[in-house]
Amino acid sequence: MTTGFALPEHFMFGASTAAHQIEGDNTTSDWWTFETMPGSPLEEPSGRACDSYRRWRDDLALIVESGLNTYRFSIEWARIEPIEREFSEVAIAHYRRLVEATVAAGIRPVLTLHHFTNPAWFTARGGWKAPDATRSFLRYVRQIKCVIDAGADAVITINEPNMVAIMSRVISGEATLDNGLGGGLPIPDPVVRDRLIETHRATADLLRDQHPGLPVGWSIANQCVQSVPGGQERAEIYRELVEDVFLRAAAGDDLIGVQSYTRTVFGPEGVVPQPGPRTLTGWEVYPEALGEAVRHTRETLPTTPVLVTENGIATGDDTQRINYTRAALTGLALAMTDGIPVLGYLHWSLLDNYEWGRWTPTFGLATVDRGASFDRTAKPSLIWLGQQSRAGIFDLDLNRTESSAS
Ligand code: BGC
């Protein structure tokens, strides 16, 4: 390591996962239904995924052995409440054990209560559009009180509500997904958006009552929206509808989760594709997005501390992962140097996992032998990140610090 940026005390340095993407056999969830229905538009089903519902100890061991200090994972509502109002004691005990074991291993658990998937019954009766959706979610959250009490360090209520409100449009097969701006994601469904905001606020209140002192927030998919001359108006409209409305709804929270991968650039006619290398998801390789996402989040939500809950790259080349991440951490360090309080950095993802319909985009810091043994193997990127966590530094990309200083 050449130059290190000293991290603040208690900095959370870790990796993230999500239940459906790693656990396997999530048969009572709406995504399982979507994956397995005749004519499903998805390329591949999740199947046994990384088998983490059984092999969670192996996942935890990767974190512990690497030197990282934080593990973000999600609780699967569909397992806790597979049938409406019927709660699984077994699933609750499972997640309680996972949190307890994480704490006992000296790792800080960050719990996500909702990461894209719903119980199939919830979606069948209208999903987030059903008038009593918030009530259903709160009922689930009350049931997992003992899981949170087992030692959660922080709670993310809903992962990427902006993407949830977009996906609900896509999955329901709405005729017009064109946002009228000349490219980019569809605009989030306004009914779902408002319901998610209502649910987040009510959940944050409930958690504040049930677990005083526990930091609570939600995590937003940041698009790092930029413009070239003539594209500013489109960029502003898009940023407001796809991102800022969700950021502002976090006012008063203890933290805001920032999730950043790439950028979206608008010109006079719409989105301008950028030249240069792409990741396995087809996104522009643009690690500067993280620093910019953190800065934009701070401007929009000026008093809420930031927790980077996801950042990473889909690549089969682990050296590229290290280079991308080093550049992203450099941008983050510069934002911190400018005074933005950042509670931690959680890389996406711990494992090569199920990328919502496909297995080919590999985001993991570790491989999983899905064909046979399900053995995990740490990649050099995991070892590299863990060393920084142990040393309490970011390993900076000096070229980038110099060029951004000049
Ligand atoms: C999601 C993850 C996903 C990742 C990469 C985020 O939108 O929270 O579940 O795998 O990005 O696409």
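Numbering of ligands and ligand atoms starts at 1, following listing order.
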Engineer: Please find the pair of heavy atoms, one from L113 and one from T157, that lie closest to each other, and give the distance.
Structural biologist: CB-O, 3.4 Å
Engineer: Name the residue from W128, W31, W356 that meets the ring-ring contact (aromatic ring centres under 6.0 Å, His included) definition with F116.
Structural biologist: W356
Engineer: Give the ring-plane orientation class for Y345 versus H347, where under 30° counts as parallel, over 60° as perpendicular and anything between as tilted.
Structural biologist: tilted
Engineer: Under a 3.5 Å threshold, yes or no: a donor from one side chain and an acceptor from the other, between E23 and S52?
Structural biologist: no
Engineer: Check whether the side chains of E81 and S88 place a donor and an acceptor atom closer than 3.5 Å, and report yes or no.
Structural biologist: no
Engineer: Do R72 and N159 have side chains that get closer than 4.5 Å, going by heavy atoms?
Structural biologist: yes
Engineer: Write out each pair where an N or O from ligand 1 and one from the protein are under 3.5 Å apart, with the distance.
Structural biologist:
{"from": "ligand 1", "atom 1": "7 (O)", "to": "E160", "atom 2": "OE1", "distance (Å)": "2.6"}
{"from": "ligand 1", "atom 1": "7 (O)", "to": "E160", "atom 2": "OE2", "distance (Å)": "3.0"}
{"from": "ligand 1", "atom 1": "8 (O)", "to": "H115", "atom 2": "NE2", "distance (Å)": "3.1"}
{"from": "ligand 1", "atom 1": "8 (O)", "to": "N159", "atom 2": "ND2", "distance (Å)": "3.0"}
{"from": "ligand 1", "atom 1": "8 (O)", "to": "E310", "atom 2": "OE1", "distance (Å)": "3.1"}
{"from": "ligand 1", "atom 1": "8 (O)", "to": "E310", "atom 2": "OE2", "distance (Å)": "2.8"}
{"from": "ligand 1", "atom 1": "9 (O)", "to": "Q21", "atom 2": "OE1", "distance (Å)": "2.8"}
{"from": "ligand 1", "atom 1": "9 (O)", "to": "H115", "atom 2": "NE2", "distance (Å)": "2.8"}
{"from": "ligand 1", "atom 1": "9 (O)", "to": "W356", "atom 2": "NE1", "distance (Å)": "3.0"}
{"from": "ligand 1", "atom 1": "10 (O)", "to": "Q21", "atom 2": "NE2", "distance (Å)": "2.9"}
{"from": "ligand 1", "atom 1": "10 (O)", "to": "W348", "atom 2": "NE1", "distance (Å)": "3.3"}
{"from": "ligand 1", "atom 1": "10 (O)", "to": "E355", "atom 2": "OE1", "distance (Å)": "2.7"}
{"from": "ligand 1", "atom 1": "11 (O)", "to": "Y261", "atom 2": "OH", "distance (Å)": "3.4"}
{"from": "ligand 1", "atom 1": "11 (O)", "to": "E310", "atom 2": "OE1", "distance (Å)": "3.4"}
{"from": "ligand 1", "atom 1": "12 (O)", "to": "E355", "atom 2": "OE2", "distance (Å)": "2.5"}

